[in-house]
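Comments concern the structure below.
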Number of protein chains: 2
Amino acid sequence: MVEAIPNMKAIHSRLFIPQFTLESGTTLYNVPVAYSTYGSLNAKRDNVIVICHGFSAGTQVMHWWNGMIGTHRALNPSKYFIICLNALGSPFGSASPLTAINEQPSLGPYGPAFPLATIRDDVRIHKQVLDRMDIDQIQCVIGGSMGGMAALEWAYLGAQKVRSFVSIAASARLGAWAISWNEVQRHCIASDPAYNNGHYDSHAPPIAGLMGARMAGLLTYRSRNSYEARFGRELAAYPTPRSSPCSTPESSAGSTDSEVLSEEMFDETPPFLTQTYIRYNAGKFCATFDANCYIALTHKLDTHDITRGRVGSTSRTPLADALGQLMQPGLVVGISSDILYPPQEQKDIAAGLRYGEYRVIVSDDGHDGFLLHTEELNSILMEFLDGVRDQSTILG
Amino acid sequence: MVEAIPNMKAIHSRLFIPQFTLESGTTLYNVPVAYSTYGSLNAKRDNVIVICHGFSAGTQVMHWWNGMIGTHRALNPSKYFIICLNALGSPFGSASPLTAINEQPSLGPYGPAFPLATIRDDVRIHKQVLDRMDIDQIQCVIGGSMGGMAALEWAYLGAQKVRSFVSIAASARLGAWAISWNEVQRHCIASDPAYNNGHYDSHAPPIAGLMGARMAGLLTYRSRNSYEARFGRELAAYPTPRSSPCSTPESSAGSTDSEVLSEEMFDETPPFLTQTYIRYNAGKFCATFDANCYIALTHKLDTHDITRGRVGSTSRTPLADALGQLMQPGLVVGISSDILYPPQEQKDIAAGLRYGEYRVIVSDDGHDGFLLHTEELNSILMEFLDGVRDQSTILG
């Protein structure tokens, strides 16, 4: 049993599960699971909140959800024991294409041979970590995007184990739209000759392919209006050579929309600020992410389907049938301008739940709104957590 | 003067403009302009309708707007002389990266050296073709997407020259959102080593890069709901090897959303029907399109800005100021689910026009709705053309 140390600061740990059989049937050995914790367990060990991270994030919630965590925030470490565990296939500590096969350095990293790990696999292996901490009950599982899909899967552990859940900007099952976007991004990576079917040297990764994938991804996470408001037709201060995607974007002073056709437009280099911005951001991402992990995680997303194995094949309403099996309160939040997982999806999830609540954040920020509107999310979440606690007190 | 031959059938022609100076200052010589015509000029030579094609289409309107053209359709060749001219940079007949430099075969094709040609350049050179046909007045200029941007630019020739215009699913000026999507697609092509900075052998083009660009493009032309309704999580009948993107997609009989995790998911091959569909379609496109042309046309789109040179740099409302200069009736049509050029853009264009009318087609088909909803578009267009004709009769 791992003893959680009372602490307001984050603690980053890694634990090894001796043996774990994936949904696919493949068994992994000595499986690392990375996690971060904030706050400490109470005497009854029932003040647990599980945070599920998104596609490109790791377990350090402070880094990507800063406004949500703190003494006066929804995720209050002086009240809750908050834990975020890294998904399988992610490059941030758990077993992935980057880690050694069965943790035997002599076998080298999995690379493209890393087996398909589903979101259900994540939930099962993460639960094993909680079991080792002697945690029997989770107050709430909370996540956005891929994390919001994980929150739904956690809920199927049952209302006694998972008292409530919050799923933000997520799908109940990935549809053709998101699968197709994943396919585009996999194509970008796989068609880069440097990818070499996943057998690339870590010092010569398929940067160009990963850049393309991320650039497309970044746009699907935003919206037309957010880009329009931020960049419009503003020109970059100086041309950025295509070979250096990591230069800092900078706006040119005094450029206007109505000026005569700029000389720069006739260059090969990107003249608009938005071009340097997406290149800069995708470039930053490429410096910390791995191409095989990227592909592994897109396949994970594609398998996501809460109805799988839970609903008879003759059901005409598989989604509602699967959601109706959940007995705990669930808060489902959508972002009004999300083009990747539009708010109608979250509305439908909430409608299918017995104790579902739907909230929408009206914003032009698109899917990424779940990372940006922490002020509003924080209020929504506090209200929900208070409501769940009151209900628990009444219902015992 | 080129004499138009009375004919109900399409006539496909190519004409050479001896000398043409682009907005950029570059002069081209012996510039081919390809065009198709339907119907014949009346005695007064004033029954002309100009159709402007989209990014990936050519001049054969029948091929991509079949439902719009015919004896009982809005584009009635027994009534109108309908002409569609090919944009510069497009691979379908006009001067482009594929044509010989100044039409001198010994100099070889322009390739990546083809100069930037703007939509205004298209309008000016296309007008020269009409001048040679002794056409002084155009009843209506009509186009969708890139063609809708061209329709707006045509309108600036003045109300005496262009009596009315119809701009569908288009922008008045490309914003950061569309520019960024173009940048992603250029990145896909340019990062394919086969692209070789545009100096590729026509027998070994950068297919993988062009595939990626087109796959991303295809998705931006549709919507989440259209993909969801058509494909959902349906599995492909058989795995499609990544190396043959041109195989026919086929659905597997009897697959259901709720079945247990399929074996196929663990293969490297795409298991979902939507994946084979976008690969099949992008593959078809790659067989007829050219990578340098693709890049040239995206740069053309990026330069599109009706305010350029028409509005003082101190204007706080450049769009409205530029639109307010147009004196002829303009119909502006949006598609409700268009994520690339959302309907708000078309609404804003109509609002800025003196004689603007806004119509929206309620559809889940996204941007491509302008190619698909020909029944509704046909009605809207007939009504508009009749109204304009009545008005012209009254106003003389």
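Scope of the values below: all heavy atoms of this structure, side chains included, with no hydrogens, waters or symmetry mates. Residue numbers start from 1 in every chain, and the chains themselves are labelled A, B, ... in the order their sequence lines are given, proteins ahead of strands.
- Considering only residues two or more places apart in sequence or on other chains, B:Asp368 meets the side chain to side chain donor-acceptor pair (under 3.5 Å) condition with B:Arg222.
- For chain A, the option among B:Asp192, B:Leu174, B:Ile339 with the highest count of heavy-atom pairs below 4.5 Å is B:Leu174.
- With sequence neighbours excluded, the residues that form a ring pair (Phe, Tyr, Trp, His ring centres under 6.0 Å) with A:Tyr221 are A:His367.
- Using a 4.5 Å cut-off between heavy atoms, B:Gln344 makes no contact with chain A at all.
- Atoms CD1 and CH2, on A:Ile278 and B:Trp181 in that order, are 8.5 Å from each other to the nearest 0.5 Å.
- With A:Ile179 as reference, B:Phe272 is the one residue of B:Tyr227, B:Phe231, B:Phe272 to meet the side chain to side chain contact (heavy atoms under 4.5 Å, CB included) rule.
- Contacts of B:Ile295 with chain A are absent, with no heavy-atom separation under 4.5 Å from either backbone or side chain.
- Going from atom NE2 of B:His187 over to atom CZ of A:Arg214 covers 13.5 Å, rounded to the nearest 0.5 Å.
- Contact count versus chain A (heavy atoms, under 4.5 Å) is highest, among B:Pro193, B:Ser223, B:Ala229, for B:Ser223.
- Comparing A:Ala282, A:Ala178, A:Pro342 by how many heavy-atom pairs each has under 4.5 Å with chain B, the most go to A:Pro342.
- Looking at B:Thr26, neither its backbone nor its side chain comes within 4.5 Å of chain A, counting heavy atoms on both sides.
- One distance of note links CZ of B:Arg224 with CG of A:Leu340; it measures 10.0 Å at 0.5 Å rounding.
- The residue among A:Ala216, A:Cys188, A:Gly209 with the most heavy atom pairs within less than 4.5 Å of chain B is A:Ala216.
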